[in-house]
Amino acid sequence: LPFSAAANLRPGAEQKVVFITARVHPGETPSSFVCQGIIDFLVSHHPIAKVLRDHLVFKIAPMLNPDGVYLGNYRCSLMGFDLNRHWANPSPWAHPTLHGVKELIIDMYNNPKINLEFYIDIHAHSTMMNGFMYGNIFEDEERFQRQAVFPKLLCQNAEDFSYSSTSFNRDAVKAGTGRRFLGGLLNDTSYCYTLEVSFYSYILGGAASAVPYTEEAYMKLGRNVARTFLDYYRLNTLVEGPLAPTPKTR
C-alpha cells in the first residue's frame, strides 16, 4: 500500500515510535492473531490508519521465537530457553532474536531524533478471561498515573478488554521480561506493557456467560489497540470524513 509522506518522517523531525512484539512464547497463538489485527489495520486504507501513519512510527516484531513456533514448543526456544526471562543480558548465540530486538530498541532510545514512547509485548493467558495489561510500578506517582491512561482508553474502545484485570507489579520472577526490563531502562516518557488475551473467552459487562474467542475476535482486539493511539495522541480531529467501522481482516 502507498504510504503518505508522514510529517514525522521529514528529515530532522523527531519520530514518535511505538514498538510492538509478539509470540515470544510459541504456544501463545492468540498473540499472533492480535498482532495480525494491528498490522492489517495499520497498513489499511482506513482514515484512522492514515492519521496514525502520518504521526507515529510503528516498529513490529511479530514473532520473537520463530524456532520455538516451528518446533511446536509451548514456551521455550530451540535451545530450551524461556526468552522472556533473558531481556537483561540476551546472548547473540543463545537468544539471537531477543538480542537483535533489544539492540534495535537501545539504538532508538539513544538516538536524539527518536522518542520511543511505547513498548507493548503481546501474550496469551491460559487461566484469565478477556484482554488485559500488565504495567510497571514506579516511585513517581505522576508517572504511575500516566501509565494507566492507555489501558483505560483501550477499555473504552474494546468491549473484551478488562481494566479491572489490568495490574501493575514488579514481581521478582518477572524481572527478565521485556516489560519489566525496558520499563527500568527507558525514561519516564516511555510506557512498557504486556498485553495479555485469554486463550478461550471473554465476558462482556453485565453478561452472565462467556463468549468464546475466535481468530476474528483476536484480530479485532488488535485493531482496537491500534486505534486507541488515535485517542491517546488526541488525533481525532485529523481524521477525514465520518469514521467508518474498523474493517475486518482476513
Side-chain angles (χ1 to χ4, degrees), residues 1-11 13-23 29-64 101 104-105 108 113-124 130-133 149-161 163 189-197 202 213-250:
L1 291 175
F3 278 60
S4 59
N8 66 348
L9 296 181
R10 287 202 304 262
E14 182 186 65
Q15 296 183 15
K16 292 183 177 180
V17 173
V18 175
F19 206 108
I20 298 172
T21 57
R23 206 73 184 273
T29 50
S31 66
S32 283
F33 293 116
V34 174
C35 191
Q36 188 69 52
I38 294 174
I39 294 170
D40 286 351
F41 179 71
L42 289 175
V43 301
S44 74
H45 291 292
H46 195 282
I48 290 178
K50 180 183 182 301
V51 170
L52 292 176
R53 294 195 301 264
D54 284 347
H55 290 82
L56 300 168
V57 175
F58 289 87
K59 299 284 188 181
I60 303 176
M63 190 174 288
L64 284 179
V101 168
L104 177 58
I105 290 174
M108 289 191 298
K113 296 293 181 64
I114 294 176
N115 191 4
L116 181 55
E117 304 215 327
F118 280 89
Y119 172 74
I120 300 176
D121 189 28
I122 309 174
H123 287 251
N130 293 66
F132 58 95
M133 279 180 150
V149 172
F150 188 86
K152 285 181 178 178
L153 291 173
L154 178 55
C155 189
Q156 295 173 13
N157 288 332
E159 61 181 5
D160 60 318
F161 184 85
Y163 185 76
T189 63
S190 303
Y191 302 102
C192 300
Y193 304 94
T194 300
L195 172 62
E196 296 273 3
V197 63
Y202 56 96
Y213 264 113
T214 62
E215 293 178 11
E216 171 55 33
Y218 287 130
M219 288 190 279
K220 182 179 179 181
L221 176 59
R223 296 194 294 271
N224 285 326
V225 168
R227 63 189 297 159
T228 297
F229 287 104
L230 188 84
D231 301 324
Y232 183 85
Y233 287 103
R234 299 177 182 177
L235 301 172
N236 307 67
T237 58
L238 301 178
V239 179
E240 297 177 2
L243 282 185
T246 313
K248 287 189 176 182
T249 48
R250 59 183 179 273

Visitor: The test is side-chain contact (heavy atoms from CB on, under 4.5 Å); show your working for Phe58 and Leu52 and say whether it passes.
Guide: CA-CA 9 Å; Phe58 289 87; Leu52 292 176; 4.1 Å; yes
Visitor: Once the angle between the rings of Phe229 and Phe150 is folded into 0 to 90°, is it parallel (under 30°), tilted (30 to 60°) or perpendicular (over 60°)?
Guide: tilted
Visitor: Work out which heavy atom in Ser31 is nearest to a heavy atom in Ala22; give both atom names and the distance.
Guide: O-CB, 4.1 Å
Visitor: Is the closest side-chain heavy-atom distance between Ile60 and Leu42 below 4.5 Å?
Guide: yes
Visitor: With rounding to the nearest 0.5 angstrom, report the NZ to OG1 distance, Lys59 to Thr21.
Guide: 14.5 Å
Visitor: Hey, what's the ring geometry for Tyr119 with Phe19, parallel, tilted or perpendicular (30° and 60° as the breaks)?
Guide: tilted
Visitor: Measure the spacing between CD of Glu196 and CZ of Phe132 and express it to the nearest 0.5 Å.
Guide: 4.5 Å
Visitor: Do Pro30 and Tyr213 make a side-chain contact, defined as non-hydrogen atoms from C-beta onward lying under 4.5 Å apart?
Guide: no
Visitor: Give, for atom CG of Leu235 and atom CD1 of Ile48, the distance between the pair rounded to the nearest 0.5 Å.
Guide: 10.0 Å
Visitor: Who are the side chain to side chain contact (heavy atoms under 4.5 Å, CB included) partners of Phe33, not counting sequence neighbours?
Guide: Glu215, Tyr218, Met219
Visitor: Using 0.5 Å steps for rounding, measure from the NZ atom of Lys113 to the CD atom of Gln15.
Guide: 9.5 Å
Visitor: Step by step, would you call Ile38 with Ile122 a side-chain contact (heavy atoms from CB on, under 4.5 Å)?
Guide: CA-CA 11 Å; Ile38 294 174; Ile122 309 174; 3.9 Å; yes
Visitor: Taking atom CG of Asp231 and atom CD of Gln156, what is their separation to the nearest 0.5 Å?
Guide: 7.5 Å
Visitor: Please confirm whether the ring centroid of Phe161 lies under 6.0 Å from the ring centroid of Tyr202.
Guide: no
Visitor: Let's go through Arg223 and His46 carefully: what are the C-alpha distance in whole Å and the side-chain angles of both, what is the deciding distance for side-chain contact (heavy atoms from CB on, under 4.5 Å) to 0.1 Å, and is it a yes or a no?
Guide: CA-CA 11 Å; Arg223 296 194 294 271; His46 195 282; over 6 Å; no
Visitor: With side chain to side chain contact (heavy atoms under 4.5 Å, CB included) as the test, pick out the partner of Val34 among Ile20, Ile120, Leu195.
Guide: Leu195
Visitor: Search all heavy atoms of Ser44 against all heavy atoms of Arg53 and return the closest pair with its distance.
Guide: O-NH1, 2.8 Å
Visitor: Restricting to side chain to side chain contact (heavy atoms under 4.5 Å, CB included), what partner residues turn up for Lys152, sequence neighbours left out?
Guide: Ala148, Tyr163
Visitor: What's the spacing between Asn224 CG and Glu159 CD if we round to 0.5 Å?
Guide: 8.5 Å
Visitor: Would you please test Asp160 and Lys220 for side-chain contact (heavy atoms from CB on, under 4.5 Å) and show each step?
Guide: CA-CA 10 Å; Asp160 60 318; Lys220 182 179 179 181; over 6 Å; no
Visitor: Tell me, please, which residues at least two apart from Asn115 pass side chain to side chain contact (heavy atoms under 4.5 Å, CB included).
Guide: Glu14, Glu117, Thr189
